Amino acid sequence: MSYENASVVHPDMPPSVTPEVKGRRPFGLKAIILLMLVQVIASIAILGLYAYLNSNWADESIEGQVDISSWYDLLSIPTIAVLRIIAIVGLWQMRRWAWLLTMALLAYAMAFDAISFFRGNAFYLAMFLNVLTVFYLNLSEVQNLFIRPGERKP
Amino acid sequence: MNDLTLLRRYEPVVRYTKGEMFFPTVVDGYLRVCRLWMADAERKTTLLADSGTLTTEKLAEYRSVPINHRLYLQFTQHPLQALEYQHWLRQPTRPRFSHPNRLYRVGLVTRVIDSLFDVALLLRGRVPGGTAAAAQVLYAGLSAEEGRPAYYGRVIRDGGYIALHYIYFFVMNDWRSSFHGVNDHESDWEQVFVYLVEGEESKDRHLEASSDGGRLLDEAIDNGSTNERAEPIPLWFACASHDFSGDDLRRRWDDPEVEKIAETHPVIYAGAGSHGSYFSRGEYLMQEEPGFLKPLLNFSKGLERFWRDTLRQGTPLNLDSGLRSIFSIPFVDYARGDGRQIGIGGDSPWSLVQISDNDGWVHNYRGLWGLDTWDPLGGERAPSGPKYDRNGSVRLSWSNPLAWAGLDKVPPPRQAVIDMERFLVELEDDEKEIGAQLDEQRIKVRKLELEVEALRQTAFMTGLYERRHADLVGAESDLQNLRRQHIDILESQEASRMSLERMRLGDFGGARDHIQKAHHPEVPIENVSRFAHWWAAVSGGVILLLIIPIVYFRPSNWLLWLIGIAVLFGAIDALTRGKLDIFLLRLAITLAILTSGILLWEFWWLLLIVAFMLVVIIGIRDNLREMSSV
């Protein structure tokens, strides 16, 4: 019997998670990627709509309907969208940096949601989805999928 | 071997940290400089002896004071003023301490608490600034006169041991002012013990050391061809170290942690300024946790288990370390051992002065050996003498050196074998006695059972039956108790026999089995940027400077400002440690927990309904599975 083609199991990985399993993307991860994709599309749509409504072609009656009231919004929406695209690519390739970037983006989103809640504007669905995503990505077995040989769990 | 020779033979080698300014000395020169004061309850002071008049003989005359009065010495009459202090700081000959990295070792919250501790010092009684510098100037003059470093020694024979007591006197503890430590106080006493066993023990221990060589030596001793018989040998070594006590203070002589020079001189590493003693060189973090924290820590451990095992979360919450850092102030005791080394093979040898209860200055004077700052926490008050605690009671280390190091309960090896043999005989006797009682009780129970059975089958005797039945239940319970005792004795016998066999072979257990809480030095810090050190030094104070005006003026969104500052400082701190990823992760988890809390608060009723429906659905599913499996 030859062991030449036997796969090497990284010591940090639990025995059940072999590289074969690691190659597969779990449903939860695919759902998160899809959700982020929807968020990116929504951001692009908002920016596009804003650009259209502030252009000369827009009908005067609907002008100002999309409220991007500050430079902060104008800068943060595309920045977050770009970061989400990067995270989506990384998550699809199951890179640890993408896992961390997604966590950081979720932290930003949750901070934003928490502030909004205390100001009386609660986005409960977004809050629920964010919490679910954080706890899912932080599951031991999911974290292990993003750890490559030689890397350590944070 | 006389006491002096014994003390000399095992006198420790002490390695100090570079930057240390005070070394052990005799008290005579110190007393010459000191003034002696008496203070009443209202802190009104009376000068009893002026500088230049005190000697050990004169101090011995002050053996008592009126009720509610205190005695204390004062070494430095005039702490250095600002200009003098600056001049002193710039002196090229002044010992310098390098790379303090205390604050880099701890987190941001702890640094903030450290800044608050500094503020608290203003409210507590404390040794005035410039005292350590003035003490150093005076000490430099003294050490030029007194010559080489000295220790006080005494020998105590008790419980089969010979305890060699080494006592070191320092004119000043400058841990706080020179090394960013907990406290400063005038005068300092430190102590070290070497515990030997009487001559007869040496035979056994040589046997333990090497089976062949030991046996040969043993035969030689029996034949009287060697004079090793009476020579005591060392078994334990103990040194005073801050808040440690009992078993944790001592190390077995053959413990690899006990470094020795020329086989008989143990090495200790003294903390810079504090002079606390350590077995190994290094930097020791003093993070004492208050007692009330224990239940909180237990709760956090349970929560951690729930987080890790039930929720299967990969990143730990580390609540216990967080709690510890919030409720404890970190201080580093630098016992680097890179400075002066005193003792055999060192930079200078020791002078030895023997002391005992017969020395008046030791036995009679119960006052403080330096300035009394009236600090309610005690840390900045000078200690009492070698024999007494600050409250005037005799120190345990003086009255019972065995109990001090937890050795009162530990018989010397030969005695342990004898004690164990005696104990086994006692157990045998107990076993016989309990065995006889068991037989008797069994007969009694059987008789009662026969009687009860007879009464049960007889009409008109219900009352007697009930009484006898109760007797039977009681007797049966006694029988069970006896049986349990009997089993316990048999178990103890078996364990003790095995232990005796091991002892006879010279196996007295692991060298470190007795240690509950060993104090290990911190991992050395390497490759830390200047910015990281700078940040560690200023962050605690700067965050306080930002928080205080925000809390006081409360601008709009002040809470958001506070959170924002905390997150920003946390991020910078994490960045300096190269742990930004962990910080972001923990931030995300914290926010997720907060958001979960909000959702639970808002939708608890919906959650209850969903949970109830889920339980019902699972029940239906299980019922259907059960039906299909039939």
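Proteins get letters first, then strands, A, B, ... in listed order; numbering begins at 1 in each. Just so it is clear, the model here is predicted, and its values are computed rather than measured.
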Taking all non-hydrogen atoms of both residues into account, name the closest pair between [X] and [Y] and its distance.
{"X": "A/Ala114", "Y": "B/Leu594", "result": "CB-CD2, 4.1 Å"}
{"X": "B/Leu584", "Y": "A/Ala104", "result": "CD1-CB, 4.1 Å"}
{"X": "B/Leu311", "Y": "A/Leu139", "result": "O-CD2, 3.2 Å"}
{"X": "A/Ser140", "Y": "B/Gly314", "result": "OG-CA, 3.4 Å"}

* **B/Arg621 atom CZ, over 12 foreign heavy atoms within 6.0 Å** => yes
* Asked: Quick check: are there more than 12 heavy atoms from other residues, nucleotides or ligands sitting under 6.0 Å from OH of A/Tyr136?
  -> yes
* Asked: What part of B/Ile563 lies closer than 4.5 angstrom to a heavy atom of chain A: side chain, backbone, both or neither?
  ->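 The answer is neither part of B/Ile563.
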* To do: Answer with side chain, backbone, both or neither: which region of B/Leu599 has an atom nearer than 4.5 Å to a non-hydrogen atom of chain A?
  =>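 Only the side chain of B/Leu599 comes within 4.5 Å of chain A.
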Taking C-beta and beyond as the side chain, do [X] and [Y] meet within less than 4.5 Å on heavy atoms?
{"X": "A/Trp99", "Y": "B/Leu585", "answer": "yes"}
{"X": "A/Gln143", "Y": "B/Thr315", "answer": "yes"}
{"X": "B/Asn557", "Y": "A/Arg119", "answer": "yes"}
{"X": "A/Asp113", "Y": "B/Thr595", "answer": "no"}

* CE/A/Met103 to CG/B/Leu587 distance, rounded to the nearest 0.5 angstrom? -> 11.0 Å
* Region of A/Leu101 in contact with chain B, defined by heavy-atom distances below 4.5 Å -> neither
* Asked: Using non-hydrogen atoms only, which part of A/Leu106 is less than 4.5 Å away from chain B: side chain, backbone, both, or neither?
  -> neither
* Using a heavy-atom cutoff of under 4.5 Å, enumerate the residues of residues 123-135 of chain A that contact chain B, numbered in order, or state 'none'. =>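 Answer by number: A/Tyr124, A/Met127, A/Phe128, A/Val131, A/Val134, A/Phe135.
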